[in-house]
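Written out below as structure tokens is the structure these notes cover.
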Amino acid sequence: MIAYLPSAVAASMRVFFVCAILAAQQAWAQYFDVPYVPTPQVVVDEMLRLAQVGPDDFVIDLGCGDGRIPVTAAAFFGARALGIDIDPGRIAESHRNAKAAGVTGRVEFRQGDLFQLDIAKASVVTLYLLPDINVKLRPRLFELLKPGTRVVSHDFSMGDWKPDRVLTVQKKIYFWTMPARVAGRWKLEADLPGVGASTYELEIRQSFQEIEPFARTEKRNYAVWEPRLRGKSISFIIVDNDLAHRFEGTVEGNAIEGVVRTGAGTAEVQTAFRAARIGGS
Ligand SMILES: C[S@@+](CC[C@H](N)C(=O)[O-])C[C@H]1O[C@@H](n2cnc3c(N)ncnc32)[C@H](O)[C@@H]1O
């Protein structure tokens, strides 16, 4: 039809259509942070296996597409699940897939922006987004998720937050456990075999799940060996009086409680320890 119009009108209509398409593309790019590409089912299964999803879990898929991750989590891992997607068409598809799998009672789908969703209830968060979107999302994960929550990402990492594990099964799968906040100074008390009642000041530096503790008493400083933080579980070794004292505890806010194993083999002795935060956060 444009061919029959005077050339000036046809040219301005072409300019109008090109501008309209560019504007629509720009609007789409602002609205959708990530285009729709489904995760292959094999990779979905491996993501949920890697996160050890089970009946006690609440899985949230951020940008759920056709709902395959929440539906699989509910149908084959017994979990409850929630998927959110910006695209109403994907949400309609997700509802159809949940119905076909017979899991409508255990999955929920919401149309909306993943950056607005309250994810605090999740015990597992799954992602198939983009590298820069993962990095943009990272502060929200640290702000809202409980320590111990597992995060699994198909294909893309999280900038300088190193994964706890990486699997490759057709595609790369990254896995993290949200670390407890342990940075700061702690007063650690234990009655250690071969040492007696002891109080150490423990100073912990933290970058994500990587920790660097230092210990001191009034008399001397101690190296702290093999420090490890996974979610709320913390462990480290202090060598005192020629004995290795292996601390394993659980972080709950400003307290750590756990056991110390001293000695080895049949000579191993187990005692309790506790630590309270005295500075930093
Ligand atoms: C790569 S697909 C992944 C789909 C699904 N999670 C999977 O793994 O099969 C990304 C999805 O994120 C959705 N999306 C993009 N930006 C979004 C946003 N800001 N909020 C919610 N969903 C979004 C897209 O519509 C798309 O369905």
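Order of listing sets the numbers, starting from 1, for every ligand and every atom in it. This structure is a prediction, so every number in the text was calculated from the model and none was measured. Along the sequence shown, residues are numbered consecutively beginning with 1. Just so you know, these numbers use all the heavy atoms, side chains as well, and skip hydrogens, waters and symmetry mates.
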Give the atoms of ligand 1, by number and element, whose distance to some non-hydrogen atom of [X] is under 4.0 Å.
X: Arg68; value: 9 (O)
X: Thr39; value: 7 (C), 8 (O), 9 (O)
X: Asp113; value: 18 (C), 19 (N), 20 (N)
X: Asp61; value: 5 (C), 6 (N)
X: Pro38; value: 9 (O)

- [ ] Give the ring-plane orientation class for Tyr200 versus Tyr222, where under 30° counts as parallel, over 60° as perpendicular and anything between as tilted.
- [x]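 The arrangement is perpendicular - the two ring planes meet at more than 60°.
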Task: Contact check, side chains of Asp164 and Gln209, non-hydrogen atoms, under 4.5 Å - done: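 The answer is yes; the side chains approach within 4.5 Å.
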TODO: For residues His245 and Val195, determine if any side-chain heavy atom of one lies less than 4.5 Å from a side-chain heavy atom of the other.
DONE: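 In contact.
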Task: Polar contact flag, side-chain donor to acceptor under 3.5 angstrom, Asp85-Gln111 - done: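 Looking only at side-chain atoms, Gln111 and Asp85 do not form any donor-acceptor pair under 3.5 Å.
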TODO: State, without any angle test, whether Gln41 and Asp45 hold a side-chain donor-acceptor pair at a distance under 3.5 Å.
DONE: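 Their side chains do contain a donor-acceptor pair, which is all the 3.5 Å distance test asks for.
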Open item on the list: Tell me if the centroids of the rings in Phe247 and Phe273 come within less than 6.0 Å of each other.
Closed with: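 Between Phe273 and Phe247, which both carry aromatic rings, the centre distance is below 6.0 Å.
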TODO: Answer with yes or no after comparing the ring centroid distance for Trp176 and Phe208 against a 6.0 Å cut-off, counting only values under it.
DONE: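 Judged by ring-centre distance (under 6.0 Å), Trp176 and Phe208 do not meet the cut-off.
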Say whether [X], considering both its backbone and side-chain N or O atoms, lies within less than 3.5 Å of an N or O atom on ligand 1.
X: Arg90; value: no
X: Asp85; value: yes
X: Ile69; value: no
X: Phe32; value: no
X: Asp66; value: no

- [ ] Would you mind finding which of Gly63, Gly89, Pro70, Gly112 brings a heavy atom closest to atom 6 (N) of ligand 1?
- [x]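 Among Gly63, Gly89, Pro70, Gly112, the closest heavy atom to atom 6 (N) of ligand 1 comes from Gly63.
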Task: Step-by-step side-chain contact (heavy atoms from CB on, under 4.5 Å) determination, Ile211 to Ile234 - done: CA-CA 9 Å; Ile211 55 167; Ile234 188 167; 3.8 Å; yes
- [ ] Give a yes/no on ligand 1: does Pro35 have at least one heavy atom closer than 4.0 angstrom to it?
- [x]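 Pro35: in contact with ligand 1 (<4.0 Å).
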